[in-house]
Amino acid sequence: MGRVREIVVVGYDGAALLDMAGPIEVFQGANFGVAPRYRVTVASLGGGPITVTAGVQISAHADLADVDEADTLIVAGGWGYGEAARTPELCAHVKRIAARARRVAGICTGSLVLAETGLLKGRKATTHWAFLDELETSGADVDRDAIFVADGNVVTSAGVTAGIDLSLAMIEQDHGAALARRIAQYLVVFLQRPGGQSQFSVRSRLQPVRDDALRGLLDEITNDPARDWTVPAMARRAAMSTRHFARLFPQHVGVSPAQYVERARVEVATELLTGSEPLDTVARRSGFGSAETMRRAFLRVLGVPPGSYRARFQTTGVA
């Protein structure tokens, strides 16, 4: 019989239920029908029950103070992450256990709790798209599109259900793709979902813009993407010379003017694709001109074509 790996899931008041339950289900799935491969322990500060999403109470198996080591330490995310990150005792225990763990994982905003301990400084990391800017202030090297990312023995995931993706990847690392695939099939999820988290927010890949003239221009592009947004036209709108604009724009926005216009048009097209208009009409209204041009842009920005995007986000198919 192989070694049973200890999985410690750190929970706290305000954690997201699915951030905890998703990884727990994945690792428990590896135990079905065989000698246990994993033992999952839910740990909280003080060892008492925690109140998670919608007031659900979860009983902890252990007090964080009593956890000496773990094969894999997983820190859940959720709206309570801020209070967790501001709790020195919790962060100290996470850092202590992480120092002896084979690998450490942050699910969703659990990445921000890890960041508070200093474990992400200089490392590639990600989190839920709505919190990427906050993670960037921690000194992490933020990947704004990844569903999950590994840097050494530290792995972090995008929001909520991405914890399932990350956990399946850890199962594959430990026991191979066949077992991970079998668990994914049992849970009725992708073993590897197509595209990154920019499918859910294109703007998650753009840095915040503080220049007033540029911010006003970006709003105009978003509101009217079908206009002829050439560099000279954008420079005039921003009251700058073309040369100065072309140099300043990537410094403040993080991408070239053409890349921003393309991403803004993709953002608008994703909204239009939830309706029933033909792809040619969506392409024209969002400023692409043709369905083929839109298709190429979607593949560059989202990693999926417009038809596939529509199939995933237009309806659940219940009708």
Side-chain angles (χ1 to χ4, degrees), residues 1-13 15-31 34-50 52 58-78 80-81 84-85 87-121 123 125-127 140 148-157 162-175 179-180 183:
M1 185 177 75
R3 178 169 64 92
V4 178
R5 299 180 186 273
E6 297 282 348
I7 309 295
V8 175
V9 179
V10 179
Y12 45 83
D13 286 341
L17 177 58
L18 192 52
D19 279 14
M20 300 182 67
I24 289 170
E25 286 289 347
V26 170
F27 284 104
Q28 280 300 117
N31 293 335
V34 297
R37 296 181 172 100
Y38 297 100
R39 179 166 45 243
V40 179
T41 297
V42 174
S44 68
L45 195 58
I50 57 174
V52 296
I58 294 181
S59 297
H61 301 119
D63 184 341
L64 270 174
D66 295 332
V67 178
D68 292 326
E69 57 185 43
D71 174 84
T72 301
L73 178 68
I74 298 176
V75 180
Y81 81 92
T87 305
E89 190 179 357
L90 185 146
C91 290
H93 286 309
V94 167
K95 189 172 183 178
R96 172 181 59 80
I97 300 165
R100 301 181 63 179
R102 181 170 64 98
R103 64 189 168 203
V104 182
I107 309 296
C108 188
T109 51
S111 300
L112 291 157
V113 180
L114 287 183
E116 185 64 27
T117 70
L119 287 168
L120 299 187
K121 195 167 186 63
R123 291 184 186 269
T126 195
T127 188
F148 61 85
V149 62
D151 189 332
N153 73 327
V154 178
V155 288
T156 50
S157 82
I164 295 174
D165 301 68
L166 184 151
S167 300
L168 287 168
M170 290 193 282
I171 295 282
E172 179 174 357
Q173 183 183 51
D174 293 346
H175 297 287
L179 178 60
I183 296 168

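Residues Gly11 and Met20 approach most closely at CA-CE, 3.9 Å, considering heavy atoms. Nearest approach of Gly47 to Ala60, heavy atoms of both residues: O-CB, 3.7 Å. Shortest non-hydrogen contact noted between Leu119 and Ala98 is CD1-CB, 3.7 Å. Closest approach of Ala70 to Val8, counting heavy atoms only: CB-CG2, 3.5 Å. Of all heavy-atom pairs between Ala15 and Val52, the closest is O-CB, 3.1 Å. Annotation for Ala30 and Leu179: closest pair CB-CD2, 4.1 Å, computed over non-hydrogen atoms.
Proximity of a side-chain donor or acceptor of Thr156 to a complementary backbone N or O of Thr126 within less than 3.5 Å is detected.
Under the 4.5 Å side-chain criterion, counting only non-hydrogen atoms from C-beta, Gln28 is in contact with Val40. Between Leu17 and Ile58, the closest side-chain pair of non-hydrogen atoms falls below 4.5 Å.
With sequence neighbours left out, the side-chain contact (heavy atoms from CB on, under 4.5 Å) criterion links Asp151 to Arg123, Lys124. Listed by chain and number, the residues in a side-chain contact (heavy atoms from CB on, under 4.5 Å) with Ala150 are Val155 (sequence neighbours excluded). Applying the side-chain hydrogen bond (donor to acceptor under 3.5 Å, both in side chains) criterion to Ser157, with sequence neighbours excluded, gives no partner residue. Residues satisfying the side-chain hydrogen bond (donor to acceptor under 3.5 Å, both in side chains) test with Tyr12, not counting sequence neighbours, are none. Taking the side-chain contact (heavy atoms from CB on, under 4.5 Å) definition, one finds that Ala92 meets it with nothing, sequence neighbours left out. Tyr81 meets the ring pair (Phe, Tyr, Trp, His ring centres under 6.0 Å) test with Phe131; sequence neighbours excluded. By the ring pair (Phe, Tyr, Trp, His ring centres under 6.0 Å) test, His175 is found to be paired with Tyr38, residues two or more places apart in sequence or in another chain being considered. Listed by chain and number, the residues in a salt bridge (charged side-chain N to carboxylate O under 4.0 Å, His left out) with Glu69 are Arg100 (sequence neighbours excluded). For Glu172, the salt bridge (charged side-chain N to carboxylate O under 4.0 Å, His left out) test picks out no residue, with sequence neighbours left out. Listed by chain and residue number, Val10, Ala43, Leu90, His93, Ile97 satisfy the side-chain contact (heavy atoms from CB on, under 4.5 Å) test with Leu64 (two or more places apart in sequence, or in another chain).
Interatomic distance, CE of Met170 versus CD1 of Ile74, reported as 4.0 Å (0.5 Å rounding). Distance SG/Cys108 to CG/Leu18: 9.5 Å, rounded to 0.5 Å. How far CD1 of Ile7 is from CZ of Arg37: 13.0 Å, rounded to the nearest 0.5 Å. Rounded to the nearest 0.5 Å, atoms CG (Leu73) and CZ (Arg96) are 10.0 Å apart. Atoms CD1 and OG1, on Ile24 and Thr41 in that order, are 9.5 Å from each other to the nearest 0.5 Å.
Pairs passing the side-chain hydrogen bond (donor to acceptor under 3.5 Å, both in side chains) check and including a residue from residues 108-119, sequence neighbours excluded, do not occur. Sorted by first and then second residue, the salt bridge (charged side-chain N to carboxylate O under 4.0 Å, His left out) pairs involving residues 102-111 (not counting sequence neighbours) are Asp71-Arg102, Arg102-Asp174, Arg103-Asp174.
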